[in-house]
Colleague: 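First the structure, which I've put down as structure tokens, then a few questions once you've had a look.
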Amino acid sequence: MSALFGRSEPVVFAGAESRDPFAYRFYDPDRVVLGKRLEDLLRPAVCYWHSFGYDGLDPFGGRTMSLPWAGGTIADFRRKADAVFEFLRLLGVPWFTFHDRDIAPEGASLAEYERNVREMAGYLGEGMARTGKRVLWGTANLFYDRRFMAGAATNPDPDVFAYGATQVKTAIEVTHQLGGENYVVWGGREGYETLLNTDLGRELDQLGRFIALLVEHKHRIGFKGTILIEPKPQEPTKHQYDFDVATVYGFLCRYGLQDEVKVNIEAAHAVLAGHSFEHEIAMATALGVFGSIDINRNDDQSGWDTDQFPTNPAQLVMPFYELLRGGGFTTGGLNFDARIRRQSIDPRDVLLGHIGGLDGCAKAAIAAAAMIEDGALQRFVDERYAGWDSAEARAMLSGKESLEAIAARLGRKPVEPQPRSGQQEYLENLLLRYQ
Ligand code: XLS
Ligand code: CA
Ligand code: CA
């Protein structure tokens, strides 16, 4: 079994000076950061699809790796589940995430699919009881099969809507059965390629009802976890409806779901939407819908969602600052939605990817915690807005003063606002202190 990933010894923390590539240099799960064990602060998770499903396929060529559990039978999926638990043991990570299709064979019919998923959920449950590993979130894959090529919830064919709804019902039920902390919806095909064949308003209404059905079902079965929408602007669909955090929030408000659903923010998707990752986290926090994170990075030049491991702490310090400043995770966590490269065919490469990713995040989180504890950045921001602390200023926002009343104020007491420096250079230099 241990040969699956080329070693049998678990990865342990060895300190920043360590030269052992199979040791953590920054991720010490027991280190206390902002009053919590680092493991509890980061809540790291391994994803089923990239870590145990990627075999090197790209648009120009086939497999470069042969996965020992490849094949479509229940026995193969059991071997794959065993590999997941072995990997989590080696890495010392408590959480995992999955799609319905990742854990079980699809089968020849919807009924067979459902039987397979429930059978494999039982098998995973036994493994979890034996190992203490846990589900951060589950989801349904509504994008791979050709039946979903024009979307699931937003499909012009109501039978496809019903098919997707059945999968989502099964997936949330097994997520609940396995004690999952969240349920994710990513609408990779919920969007359109051309307006020439699309009724956009109708599709949005379909999506709104689809999410509402999921929320209703969550309450019906007593699932206490959080439902999360994962924004992404495009890829695979040209225009995806869940473009970014702000768009998702507007959608939730339109369909009355803003108190029921939060967001799962992926680093790579934030960049595809033309934002920074920290912007998306700060926006979600400000709107009260921050839920969880899919951590990875894009290649700086390619402009694709390349899902690489996040090994650059300098890029991660601001996202972690925004995450921790916003209060950190409740039900969410840090899901490594990242995969090894096509030429990484040594079975240890997937282990090394996660070690570097977790170390990069730990280093950034420790730096972000120092920024918070030091307080210099927050003091600057507080000071910048201090004018709003006066009762007179606050009255303008109270909803009781009209535009006329505000204009009359300045008439009574002539004011000439004095612009002040935003001091971005000073602040950027300050940031260097912590990195
Ligand atoms: C694809 C998404 C997907 C979701 C789960 O780009 O990241 O993997 O996280 O369906
Ligand atoms: Ca993702
Ligand atoms: Ca992605």
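The chain is numbered in sequence order, starting from 1. For ligands, and for the atoms within them, numbers begin at 1 and follow the listed sequence. Because the structure is predicted, anything quoted here is derived from the model rather than measured.
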Colleague: Can you count the protein N, O or S atoms that lie less than 3.0 Å from the Ca ion (ligand 2)?
Modeller: 4
Colleague: Only N/O/S atoms count here: what is the atom of Asp305 closest to the Ca ion (ligand 3) called?
Modeller: OD2
Colleague: State plainly whether the residues Arg25 and Asp359 are in salt-bridge range, i.e. N to O under 4.0 Å.
Modeller: no
Colleague: Do the ring planes of Phe5 and Trp69 sit parallel (below 30°), tilted (30 to 60°) or perpendicular (above 60°)?
Modeller: tilted
Colleague: If I compare all heavy atoms of Ala81 with all of Tyr48, which pair ends up nearest, and what's the gap?
Modeller: CA-OH, 3.4 Å
Colleague: Could you check whether the rings of Trp49 and Trp137 sit parallel, tilted or perpendicular, using 30° and 60° as the cut-offs?
Modeller: tilted
Colleague: Could you tell me whether Glu119 and Arg115 make a salt bridge, using a distance below 4.0 angstrom between a side-chain N and a carboxylate O?
Modeller: no
Colleague: Heavy-atom cut-off of under 4.0 Å around ligand 1: list whichever protein residues fall inside it, by chain and number.
Modeller: Trp49, His99, Trp137, Phe143, Trp186, Glu230, Lys232, Glu266, His269, Asp294, Asp305, Asp337
Colleague: Of all residues at least two apart in sequence or in a different chain, which pass the salt bridge (Lys or Arg N to Asp or Glu O under 4.0 Å) check with Asp300?
Modeller: none
Colleague: Once you measure the plane-to-plane angle for Tyr255 and Phe251, does it fall in the parallel (<30°), tilted (30-60°) or perpendicular (>60°) bin?
Modeller: tilted
Colleague: Validate the cation-pi geometry between Lys80 and Phe52: distance from NZ or CZ to the six-membered ring centre under 6.0 Å, angle to the ring axis within 45°.
Modeller: no
Colleague: Quick one: sort the Phe98 and Phe96 rings into parallel, tilted or perpendicular, breaks at 30° and 60°.
Modeller: tilted
Colleague: Can you run down the side-chain hydrogen bond (donor to acceptor under 3.5 Å, both in side chains) pairs that involve residues 94-109, sequence neighbours left out, and say none if there aren't any?
Modeller: Thr97-Asn335, His99-Asp102, Asp100-Tyr113, Asp100-Gln167, Arg101-Glu106, Glu106-Arg147
